[in-house]
Chemist: 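Handing you this structure, nothing more for now.
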Amino acid sequence: MKKLSLLPVAAIVGLLFLQANPKPEADTMLALHPEAPALPADVKAIVQQKCYGCHNANSKNEKGKAKLDWDALEAAKKSKAMASMGKISEALTEGTMPPAKFLENKPEGKLTEAELATLMEWSAGKKKSK
Amino acid sequence: MKVWQYLVGGIAVIGIAVQFVPNELPAVESNNPGDLIGSGIVSEEISGILKTSCYDCHSNETQYPWYSNVAPVSWLVSKDVREAREELNFSTWQDYDMMEQLEKLDDIAIEVKEGEMPLGIYTVIHSSAKLDDAQRQLIVEWAEATMDVVVEEEEGTEEEIE
């Protein structure tokens, strides 16, 4: 509950930042792929570190590869990307990712609370900073 | 009595006893105002395919054959139908929010494309529910295209509110 009440504050702070420095790279990305909801940098950093190892097109983990490929998600059209985000949100809410089996051998692969919160906010939000 | 007679007798007794294990088939409801068909996003061709190949499990309009009341088949049928409706119920389509609809359409496209659905155990008996390649293609294309429609509709209503 306390965390939820921080959200509006965070949003306002975020807006202030956005106004302070317009991001030229983000704009060109949007111009190139007007449909693609670009992955925010903080989300991308977590994904690279904690998810991408299994969820990529060349993954040896067949199931992980079949279920989600982050590169494909970034390139996907809007509706497809949103559907994937919804499923990611579900997996995070249920706590099924990263899998418990995987964490047995690699406990450092667990998402920290802050990381989990960042991913949840991103995957649940329809479109906040536009 | 011979051994085989005991065996047959035993199986018969078990077969009868098993009928008394309580088991309830998920209820049938034919009046579904929130059904996918009637929501305006399905052509007649697509709704025809969905009705024959999906609706027995993924809707409230299940048509139970007589043997689905006979244990142990009834156990399998009630489990499959119950789980299928939980996962995706076309009868309550309009109650899903936009994200749920998107996820379900995406799953439909994936499962049908990969031949996971309809389940093999179902089409073995209900051969009319089998999808040929052309029908598969139609369903996949419909699901993928409808995802865009769902997003556009949502954006449309948001603009109206604003």
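Chain naming here is simple, since letters A, B, ... match the order of the sequence lines and numbering starts at 1 in each.
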Chemist: Please tell me whether A:Leu116 and A:Met97 are part of a single hydrophobic cluster in this structure, the criterion being side-chain heavy atoms less than 4.5 Å apart.
Modeler: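 No.
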
Chemist: If you count the non-hydrogen atoms of other residues, nucleotides and ligands that lie under 6.0 Å from CD in B:Glu24, is the total more than 12?
Modeler: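 Open.
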
Chemist: Tell me whether B:Ile108 shares a hydrophobic cluster with B:Val151, the cluster being built from Ile, Leu, Val, Met, Phe, Trp, Tyr side chains joined at under 4.5 Å.
Modeler: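 Yes, because B:Ile108 and B:Val151 connect within a single hydrophobic cluster, where side-chain heavy atoms sit under 4.5 Å apart.
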
Chemist: Using a 4.5 Å cut-off on heavy atoms from C-beta on, say whether the side chain of A:Ser79 contacts that of B:Leu102.
Modeler: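 Counting from C-beta outward, B:Leu102 and A:Ser79 do come under 4.5 Å.
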
Chemist: Say whether A:Trp70 and A:Phe102 are linked into one hydrophobic cluster, either directly or through other cluster members, by side-chain heavy-atom distances under 4.5 angstrom.
Modeler: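 No: no chain of side-chain contacts under 4.5 Å links A:Trp70 to A:Phe102.
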
Chemist: Look at the side-chain heavy atoms of Ile, Leu, Val, Met, Phe, Trp and Tyr, link any pair under 4.5 Å apart, and say whether B:Leu25 and B:Val70 land in one connected group.
Modeler: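 Yes.
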
Chemist: Under 4.5 Å, counting heavy-atom pairs only, tell me which of A:Ala66, A:Ser84, A:Gly86 racks up the most with chain B.
Modeler: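 Most heavy-atom pairs within the cutoff with chain B belong to A:Gly86.
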
Chemist: Check whether more than 12 heavy atoms from other residues, nucleotides or ligands sit under 6.0 Å from atom CD of B:Glu29, and answer yes or no.
Modeler: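 Yes.
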
Chemist: Can you confirm whether A:Lys67 is buried at NZ, in the sense that more than 12 heavy atoms of other residues, nucleotides or ligands lie under 6.0 Å from that atom?
Modeler: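 No, NZ of A:Lys67 has 12 or fewer neighbouring heavy atoms, counting only those of other groups under 6.0 Å.
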
Chemist: What residues of residues 42-69 of chain B sit under 4.5 Å from chain A when only non-hydrogen atoms are counted?
Modeler: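 Listed by number, there are no contacting residues, so the answer is none.
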
Chemist: Do B:Glu103 and A:Met82 come within less than 4.5 Å of each other through their side chains, counting heavy atoms only?
Modeler: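 No, side chains not in contact.
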
Chemist: With a 4.5 Å cut-off on side-chain heavy atoms, are A:Lys87 and B:Asp106 touching?
Modeler: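 They are in side-chain contact.
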
Chemist: Within residues 109-144 of chain B, which residues come under 4.5 Å of chain A, heavy atom to heavy atom?
Modeler: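 Only B:Ile110, B:Glu144 of residues 109-144 of chain B have a heavy atom under 4.5 Å from chain A.
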
